Structures are given as C-alpha cells and as structure tokens.
Amino acid sequence: MSAGPDIQNLTASQDTGLGARARIGVVVLQSDQTIEHEFATLLRRDGIALYHARIPNEMEVTHDTLRQMEADLPVAAGLLPRSFEFDVIGYCCTSGATMIGEDRVDQILRAAHPQAKTSNPITACKAALGSLKLKRIALITPYAPDVTTELRDNLAAAGFEVNAIGSFNQTDDFKVARISSDCILAAIKEIGQRPDCDGVFVSCTSLRVMPVIAEAEAHLGKPVLSSNQVTAWHLARLAGITDEIASGGSLFQQQLTSKD
C-alpha cells in the first residue's frame, strides 16, 4: 500500500484578519430569531467583522426571567474571545438591559472585555434619540404591561416624553418573533401619527422592524427607530464606523453627538 506523497511545508504569512475597520461582538438571546439577520443587513460591510454569542433565557418574558440573565451574562460575554480584540461589545436585549440596569450590563461586559466600548438597545435608543434631537416619542413594545411600564419609566427618567404607547402584550418570545412586519408597520402608523410624538421607538430585538422602517418614515414624516437598528448604529458609531447606510433609515444618516 502506497504511503502517498510527502507533505510539503508551506510558507504562511499573517495579516490582521477580519475586521480591519471594526470587530463587533454581540451577546444574543438564545430565543432570538431576528437580530442576527437584521444586523447582517446593516453591518455586513468591508472591514467589519461581526461575532455572536448566545445567552440562555426563558421563553416567557417577565420581570423575573429578564433579571435572571444577569447571572449568565458574564459567561456569555466570555464566549467572545478576548484575543479577538473587540472594539465594541453589545448585550442585545432591550427589556433585559432595562431590568438588569444599563450600568450593571456595562460593568459585566467590560469585566470580560476591558478594552471594548459597550452598548445595549436601551442605551443605544437614548443615544439615537439624542442624535436625532427627539424628545417626544411614541413607544411600541411586544411586552406585558409591567415590562412596558419599566421601559417607559427608564426613558422618562432620561428626559424623554413618552406620549403614546402601544403593546402587542405577548409574553412568549417565540410568538413575538412571529409577529409579521406588516402588523408592525400598521402599529407604527397608528401609534406614531399623534402630533405630540416626533418619532417612534419599536422595542425588542425579536421584532422584524427593519423591512418596514423606510415605508413607516415616509408615511409619518418622522424618524422610526427599532432595537436592532439603534444597537447596530450605536455599536458601529462607537467603533468609529461613520458610514451612512440607506437601508438603515434616517438614523444611519446621523453621527454620535459629542456626549455619547
């Protein structure tokens, strides 16, 4: 039996790898069906590398189950290798960051990746509203009333007037991800039309909002934001990516304000 050809030693040279412009890491909920797809539509660009880790979560979205993720977040963040030298790390759960606390989320992520800047959807939402100079907003969520109220109070404490609220009132995260984009568009048009609202924020990374943002903005004549959109935008801007992305709505024509 022939031993086959000798193995030839090859010369290997190395470059900086993927992510010459930015390396972005995100912690995604185990049950999320949407964010990776929508992030790819926004951030799949030359020189940007995007890496995901999944965090365990209960399918039922309640005040208590959201807070439980705090214990698992250090492990999930650690699954993103520090040797990748991430520019930014995001924890991608709007309601989870609200319940755990934005400062606590930042602390956990920085413990795993001290060199990286951090974000989450509620922090990113505030940064986006600031860059767009919006103070009076309509809020749309899929959450039960207690979770929706907590999010409203968080935004109000930051100085934003939440003058209209609509909720699909779902607690099953699997069902949230199956709410159709057409249904979300109808909700944005209905809730966002009020004259005392200068913009709309649609909360939850599982909701498929990106396909309808352009139509919603054209219909209302106002900025329309979503959890995935604001998080992708904030992570990109924190990483020094200043690209204006047409598919990202009016937000992706904006840069960070100096205080962000």
Side-chain angles (χ1 to χ4, degrees), residues 19 22-30 32 35-36 39 42-43 48-57 61 63-132 143 147 150-160 201 203-206 225-241 251 254-260:
R23 295 185 181 91
I24 299 174
V26 290
V27 176
V28 178
L29 298 196
Q30 180 180 1
D32 198 305
I35 189 169
E36 288 155 322
F39 263 39
L42 292 168
L43 299 179
I48 300 176
L50 185 62
Y51 300 94
H52 308 85
R54 293 231 168 196
I55 183 172
N57 69 289
V61 181
H63 190 281
D64 292 336
T65 60
L66 289 166
R67 284 189 176 276
Q68 288 175 9
M69 278 190 282
E70 181 178 358
D72 292 315
L73 186 52
V75 176
L79 292 173
L80 295 165
R82 187 181 293 190
S83 60
F84 285 16
E85 299 180 336
F86 289 100
D87 297 288
V88 288
I89 301 283
Y91 167 59
C92 296
C93 181
T94 322
S95 52
T98 302
M99 297 301 177
I100 296 169
E102 296 158 80
D103 289 343
R104 178 58 180 152
V105 169
D106 174 75
Q107 181 184 40
I108 293 171
L109 296 180
R110 286 184 184 274
H113 300 276
Q115 83 290 349
K117 296 177 181 179
T118 74
S119 188
N120 63 77
I122 188 63
T123 296
C125 173
K126 294 172 187 176
L129 292 172
S131 287
L132 288 163
Y143 314 128
V147 178
E150 190 98 8
L151 180 60
R152 178 205 64 192
D153 292 348
N154 184 299
L155 291 169
F160 300 102
F201 175 53
S203 180
C204 189
T205 61
S206 286
L225 308 178
S226 75
S227 287
N228 291 339
Q229 174 210 36
V230 298
T231 307
W233 171 83
H234 199 220
L235 290 170
R237 295 300 188 252
L238 288 173
I241 302 299
L251 176 60
Q254 301 293 318
Q255 302 303 321
L256 281 176
T257 59
S258 58
K259 67 180 181 179
D260 300 311

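We number each residue from 1, following the sequence as shown. Treat the numbers as computed from the prediction; the structure is a model and nothing was measured.
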Chemist: Do F201 and T94 pass the side chain to side chain contact (heavy atoms under 4.5 Å, CB included) test, and can you show the C-alpha distance, the side-chain angles, and the key distance before you say yes or no?
Modeler: CA-CA 11 Å; F201 175 53; T94 322; 4.3 Å; yes
Chemist: Just so I know, are the side chains of Y143 and E150 near enough to count as touching, which here means a heavy-atom distance under 4.5 Å?
Modeler: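 They are not in contact (no side-chain heavy atoms under 4.5 Å apart), so the answer is no.
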Chemist: Of all heavy-atom pairs between T257 and G130, which one has the smallest distance, and what is that distance?
Modeler: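 Shortest heavy-atom separation between T257 and G130 comes out as CG2-O, 3.9 Å.
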Chemist: Check for a donor-acceptor pair, side chain of W233 on one end and backbone N or O of L256 on the other, with a separation under 3.5 Å.
Modeler: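 A pair under 3.5 Å: no.
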Chemist: Got a donor-acceptor contact below 3.5 angstrom from the Q229 side chain to the S226 backbone?
Modeler: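 A pair under 3.5 Å: yes.
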Chemist: Stepwise, does the side chain to side chain contact (heavy atoms under 4.5 Å, CB included) test hold for I24 with L43?
Modeler: CA-CA 9 Å; I24 299 174; L43 299 179; 4.1 Å; yes
Chemist: Indicate whether the side chain of S227 and that of T205 have a donor and an acceptor atom separated by less than 3.5 Å.
Modeler: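 Side chains of S227 and T205: no pair found under 3.5 Å.
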Chemist: Is a side-chain N or O of R104 found less than 3.5 angstrom from the main chain of A97, in a donor-acceptor match?
Modeler: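 No; judged by distance alone, with no hydrogens or angles, the pair does not exist.
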Chemist: Between V230 and P121, which heavy-atom pair has the shortest distance, and what is it?
Modeler: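 Minimum heavy-atom contact is CG2-O, 3.7 Å.
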Chemist: Between Q255 and S131, what is the shortest heavy-atom contact and its length?
Modeler: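 Smallest interatomic distance, heavy atoms only, reads O-OG, 3.0 Å.
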Chemist: So, the side chain of N57 versus the backbone of Q30: is there a donor-acceptor pair under 3.5 Å, distance only?
Modeler: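 At least one qualifying donor-acceptor pair exists.
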Chemist: For a side chain to side chain contact (heavy atoms under 4.5 Å, CB included) check, start with the C-alpha distance between V26 and I89, then their side-chain angles and the critical distance, and finish with the verdict.
Modeler: CA-CA 6 Å; V26 290; I89 301 283; over 6 Å; no
Chemist: Mind checking the OG-NZ spacing from S119 to K126? Nearest 0.5 Å is all I need.
Modeler: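 That separation rounds to 11.0 Å.
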Chemist: Please check this pair: side chain of R110 against backbone of K117, looking for a donor-acceptor N/O pair closer than 3.5 Å.
Modeler: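 Pair absent, no side-chain N/O of R110 close to backbone of K117.
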Chemist: Answer with yes or no whether the side chains of T123 and E102 bring together a donor and an acceptor at under 3.5 Å.
Modeler: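 Their side chains do contain a donor-acceptor pair, which is all the 3.5 Å distance test asks for.
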Chemist: Evaluate side chain to side chain contact (heavy atoms under 4.5 Å, CB included) for C125 paired with L155, printing each intermediate quantity in order.
Modeler: CA-CA 9 Å; C125 173; L155 291 169; 4.2 Å; yes
Chemist: Output yes when a side-chain donor or acceptor of R54 lies under 3.5 Å from a complementary backbone atom of L29, and no otherwise.
Modeler: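 Yes; at least one donor-acceptor contact below 3.5 Å.
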Chemist: For D87 and A22, which heavy atoms make the closest approach, and how far apart are they?
Modeler: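 Closest pair (atom of D87, atom of A22, distance): OD2-CA, 3.3 Å.
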Chemist: What's the separation between atom CD1 in I100 and atom CD1 in I122, rounded to the nearest 0.5 Å?
Modeler: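 The CD1 atom of I100 sits 13.0 Å away from the CD1 atom of I122.
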Chemist: How many angstroms lie between atom NE2 of H113 and atom CZ of F84, to the nearest 0.5 angstrom?
Modeler: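 Taking NE2 in H113 and CZ in F84, the distance rounds to 10.0 Å.
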Chemist: Between N120 and T231, is any pair of side-chain heavy atoms under 4.5 Å apart?
Modeler: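 They are not in contact (no side-chain heavy atoms under 4.5 Å apart), so the answer is no.
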Chemist: Check whether the side chains of T118 and D106 place a donor and an acceptor atom closer than 3.5 Å, and report yes or no.
Modeler: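 D106 and T118 do have a side-chain donor-acceptor pair below 3.5 Å.
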Chemist: Which value, rounded to the nearest 0.5 Å, describes the distance between I55 atom CD1 and E70 atom CD?
Modeler: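 CD of E70 is found 10.0 Å from CD1 of I55.
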Chemist: Is the shortest heavy-atom distance from the side chain of P56 to the side chain of M69 under 4.5 Å?
Modeler: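 The answer is no, as the side chains (C-beta and beyond) never meet within the 4.5 Å cut-off.
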Chemist: How far apart are the closest heavy atoms of L80 and H52, and which atoms are they?
Modeler: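 Closest approach of L80 to H52, heavy atoms only: CD2-C, 3.9 Å.
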Chemist: Can you give me the closest heavy-atom contact between A124 and H234, atom names plus distance?
Modeler: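 It is CB-CB, 3.6 Å.
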Chemist: Once you round to the nearest 0.5 Å, how far does CD of E85 lie from CZ of R23?
Modeler: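 Rounded to the nearest 0.5 Å, the CD-CZ separation comes out at 6.5 Å.
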Chemist: Rounded to the nearest 0.5 Å, what separates atom OG in S203 from atom CZ in R152?
Modeler: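 It comes to 14.0 Å.
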